[in-house]
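All residue numbers in this chain count up from 1 along the given sequence. Here the structure is a predicted model, which means the values were calculated and not measured.
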Amino acid sequence: QMRLRESGGGSVQAGGSLRLSCASSGYTGYTKYMAWYRQAPGAEREGVAVIRTGDGTTAYADSVKDRFIISQDNTKKTVYLQMNSLKAEDTAMYYCAADFEGRLSIGPPLPSRWKFANWGQGTQVTVSS
């Protein structure tokens with residue numbers, strides 16, 4: 001049973017930084033894509049950043065480009081999201097997602113949330129202005 005566990009969320013003032021981590025376990029083989037999505041209250045879940053784990057290709061939502069960086073460790077079991085210059089509108093629950101099929105397009109635009117079958121429980125990020 002695959003498991004994704006996010007950590008690193010918290011409260012920060014506008015202009016600050018946070019680093020989210022997503023640790024994966026409970027599977028054999030390798031993921032094809034891993035991603036970060038976020039969902040604010042009353043809003044749809046939206047893509048933030050995606051990484052193709054085989055070659056490290058990345059894609060970002062326009063709203064976070066040049067502020068957020070998605071990366072992975074060498075074993076490809078953990079994915080990170082470095083978030084800089086945070087804004088109040090970045091406040092949301094952040095979710096990690098994993099894909100094993102490799103049939104989606106990295107984008108931009110980022111893949112629909114429905115392309116990912118594996119999700120973590122989320123970690124809350126709150127940015128105060």
Sequence neighbours left out, what pairs pass disulfide bond (SG atoms under 2.5 Å apart) with at least one residue falling in residues 79-129? Cys22-Cys96
Crowding at NZ, Lys115 (>12 non-hydrogen neighbours, <6.0 Å): no
Same apolar cluster (I L V M F W Y, side chains within < 4.5 Å links), [X]/[Y]:
| X | Y | result |
| --- | --- | --- |
| Val50 | Phe100 | no |
| Leu4 | Leu104 | no |
| Met34 | Val64 | yes |
| Met83 | Leu110 | no |
| Leu86 | Met93 | no |

Of Leu20, Leu18, Leu81, which meets side-chain contact (heavy atoms from CB on, under 4.5 Å) against Thr123?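 In the set Leu20, Leu18, Leu81, the residue that makes a side-chain contact (heavy atoms from CB on, under 4.5 Å) with Thr123 is Leu20.
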Name all pairs fulfilling the side-chain hydrogen bond (donor to acceptor under 3.5 Å, both in side chains) condition that reach into residues 8-21, sequence neighbours left out, sorted by first residue then second. Ser17-Asn84
Listed once per pair and sorted, the side-chain hydrogen bond (donor to acceptor under 3.5 Å, both in side chains) pairs that draw on residues 87-114, sequence neighbours left out: Arg38-Asp90, Arg38-Tyr94, Arg67-Asp90
Applying ring pair (Phe, Tyr, Trp, His ring centres under 6.0 Å), can you list everything that pairs with Phe116, at least two apart in sequence or on another chain?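 Testing Phe116 for ring pair (Phe, Tyr, Trp, His ring centres under 6.0 Å), a comparison that skips the adjacent residues, returns Tyr37.
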Tell me, please, which residues at least two apart from Arg45 pass salt bridge (charged side-chain N to carboxylate O under 4.0 Å, His left out).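 Partners of Arg45 by the salt bridge (charged side-chain N to carboxylate O under 4.0 Å, His left out) criterion come out as none, since no residue qualifies.
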Results of salt bridge (charged side-chain N to carboxylate O under 4.0 Å, His left out) for Asp66 - residues two or more places apart only: none
Rounded to the nearest 0.5 Å, what separation is found between the OH atom of Tyr80 and the CD1 atom of Ile69? 14.0 Å
